[in-house]
Protein chains: 2
Amino acid sequence: MLQMERENRGAPAGVVAADSLESVRDIFIRQWGAMGSQWGVNRSMAMIHALLLVSPEPLTTDAIMAELAISRGNANTNLRELVDWGLVYPVLVKGDRRDYFVAEKDVWRIFCIVARERKRREMEPAQKVLEDCVRRSGSLEGAEAEAMHAQLVRLSEFVGTANGLMDKLARAERDRILPNLMRVL
Amino acid sequence: MLQMERENRGAPAGVVAADSLESVRDIFIRQWGAMGSQWGVNRSMAMIHALLLVSPEPLTTDAIMAELAISRGNANTNLRELVDWGLVYPVLVKGDRRDYFVAEKDVWRIFCIVARERKRREMEPAQKVLEDCVRRSGSLEGAEAEAMHAQLVRLSEFVGTANGLMDKLARAERDRILPNLMRVL
DNA sequence: CCGAACTTTCAATACTTACTGAAAGTTATG
DNA sequence: CATAACTTTCAGTAAGTATTGAAAGTTCGG
């Protein structure tokens, strides 16, 4: 553990002089957390996910709270959300009543989960809105109404196609699909 | 314009009895605006985009403000953002000093613009963070550090591949790419 | 079925982001 | 180059989200 000896000595706050396991993990967690906002995921959820992603062993709620300096309520809520998504699994450790948590480590599975969730939250509502408006505008008369209807139809058809492709992609096996995609694109 | 005669008579607030061009447009705009939050776009920007998407004619800032009941500052800021993205074009109308705005109507182009922007805001920062952490953790010793490094490498490689595919997809021609995708998936 | 260990909930609060409107800035035209 | 028409900026405020921490709820072992 030579690395730990030369960590962060005399450097300004927030700047790391050299890298230990802990410092790299902290950098990863903090940066990933900061990116959460861009991804529509809250900071705590992103940080918990990052921590578990690089932790080989399951962690308890208390360990997570301590590592990330967040409250119990916050840790609990976001852990449940991550478990709901399927990105984190609760595991039982023999001889301990507490819940432990591990992250799904397989990158392709993570991708499929995120793709599925985004489709559900972003694409499906859009498709529903568009189909509703297409239906409502179908019987209108006049050039302006018909132009609007035509535009709505184009949008609706595109989103429908994209949704279908998304579905197939997220259901496909990694090794079956990736080579084909590389070839086509 | 028969339709306008049977719009929204005696119905509870927010409920539309039958559809006119205006009512369908309003439904579309409001729903699209509400969805904006899910998409990481603010409500006003989404509503302006929706309005322009279904308006065959260019509109002035004032027309947009009036139609959506938003302030001048808000309209101005979000119009500029939409123009920056390339989703809306400013156009000059002869004999009028005011700026007029039209939306890009081609669905495939809209998709490419959104894909490019999302890649820039979501994928590229992730790739950068991951590459940085991979580099930092590469020289660490010990089983735990090596497990973390390996996980970071898997994430980094995946995001790199996804980024490359995204690029090619957004640069491809619609008619060249869609049939191939349908076949592969 | 009691008490201890642990988990969940939720009202209060802190933080973040979006919006307004008025004032400052810019540009076209007589 | 003065004025009027239009656009941009920005400080203040409103609206929306995330987080805390303490209280209530649950479960397990004895």
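Lettering follows sequence order; numbering is per chain, from 1.
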Item to complete: Quick one: which residue pairs count as a salt bridge (Lys or Arg N to Asp or Glu O under 4.0 Å) with a foot in residues 145-160 of chain B, not counting sequence neighbours?
Response: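 Passing the test, one end in residues 145-160 of chain B: no pairs.
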
Discussion item. Need the bend value for the helix from C/dC1-D/dG30 to C/dG30-D/dC1: angle between end axes, 5 pairs each end, nearest 10°.
Written reply: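 One end axis against the other gives 20°.
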
Distances under 3.5 Å only, N/O to N/O: pair up the protein atoms with those of nucleotides 4-7 of chain C.
unit_1, atom_1, unit_2, atom_2, d
C/dA5, N3, A/R97, NH2, 3.2
C/dT7, OP1, A/D99, N, 2.9

Discussion item. Any carboxylate oxygen within less than 4.0 angstrom of a Lys/Arg side-chain nitrogen, looking at A/K128 and A/D132?
Written reply: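 The answer is no: the pair does not qualify as a salt bridge.
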
Worksheet item: Between B/R30 and B/D26, does at least one N-O distance fall below 4.0 Å, as a salt bridge requires?
Response: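 No.
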
Give a yes or no answer on whether the side chain of [X] reaches the backbone of [Y] with a donor-acceptor pair at less than 3.5 Å.
X	Y	result
A/W85	A/I113	no
B/Q151	A/K105	yes
A/N180	A/R176	yes

Show which side-chain atoms of residues 62-74 of chain A pair as donor or acceptor with protein atoms under 3.5 Å away, not counting sequence neighbours.
unit_1, atom_1, unit_2, atom_2, d
A/D62, OD2, A/R72, NH2, 2.8
A/S71, OG, A/N74, N, 3.2
A/N74, OD1, A/S44, OG, 3.4
A/N74, OD1, A/N78, ND2, 2.6
A/N74, ND2, A/S44, OG, 2.8

Nearest-Å distance, [atom1] ([X]) to [atom2] ([N])?
X	N	atom1	atom2	answer
A/N78	D/dA18	CG	P	9 Å
B/R80	D/dC10	CZ	P	10 Å
A/L68	D/dT20	CG	C1'	15 Å
B/L79	D/dT9	CG	P	13 Å
B/L92	D/dC6	CG	P	14 Å
A/M65	D/dT19	CE	P	14 Å

Worksheet item: Using a cut-off of 4.0 Å on non-hydrogen atoms, how would the nucleic acid contact of A/N42 be classed: base, sugar-phosphate, or nothing?
Response: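 Contact class for A/N42: sugar-phosphate only.
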
Discussion item. Classify the ring geometry of A/F111 against B/F158: parallel below 30°, tilted from 30° to 60°, perpendicular beyond 60°.
Written reply: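 Judged by the thresholds at 30° and 60°, the geometry between A/F111 and B/F158 is tilted.
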
Worksheet item: Given that A/G73 and A/R43 both sit by DNA chain C, which one's nearest nucleotide is further toward the 5' end?
Response: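 Whichever sits nearer the 5' end wins; that is A/G73.
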
Worksheet item: Given the rule in the side-chain contact (heavy atoms from CB on, under 4.5 Å) test, do A/D84 and A/R80 qualify, once you have shown the distances and angles that lead to the verdict?
Response: CA-CA 6 Å; A/D84 271 359; A/R80 259 184 316 112; 5.6 Å; no

Practice prompt. Pull out every residue in residues 44-59 of chain B that has a heavy atom closer than 4.0 Å to any atom of DNA chain C, ordered by number, or say none.
Written response: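 Of all residues in residues 44-59 of chain B, the ones placing a heavy atom under 4.0 Å from DNA chain C are B/S44.
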
Worksheet entry | Residues that A/F101 engages under ring-ring contact (aromatic ring centres under 6.0 Å, His included), provided they are two or more places apart |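 Partners of A/F101 by the ring-ring contact (aromatic ring centres under 6.0 Å, His included) criterion come out as none, since no residue qualifies.
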
Discussion item. Go through it in stages, so that I can follow the logic: the residues are B/R116 and B/E124, the test is salt bridge (charged side-chain N to carboxylate O under 4.0 Å, His left out), and I'd like the CA-CA distance, side-chain angles, deciding distance and then a yes or no.
Written reply: CA-CA 11 Å; B/R116 180 155 37 79; B/E124 280 166 13; over 6 Å; no

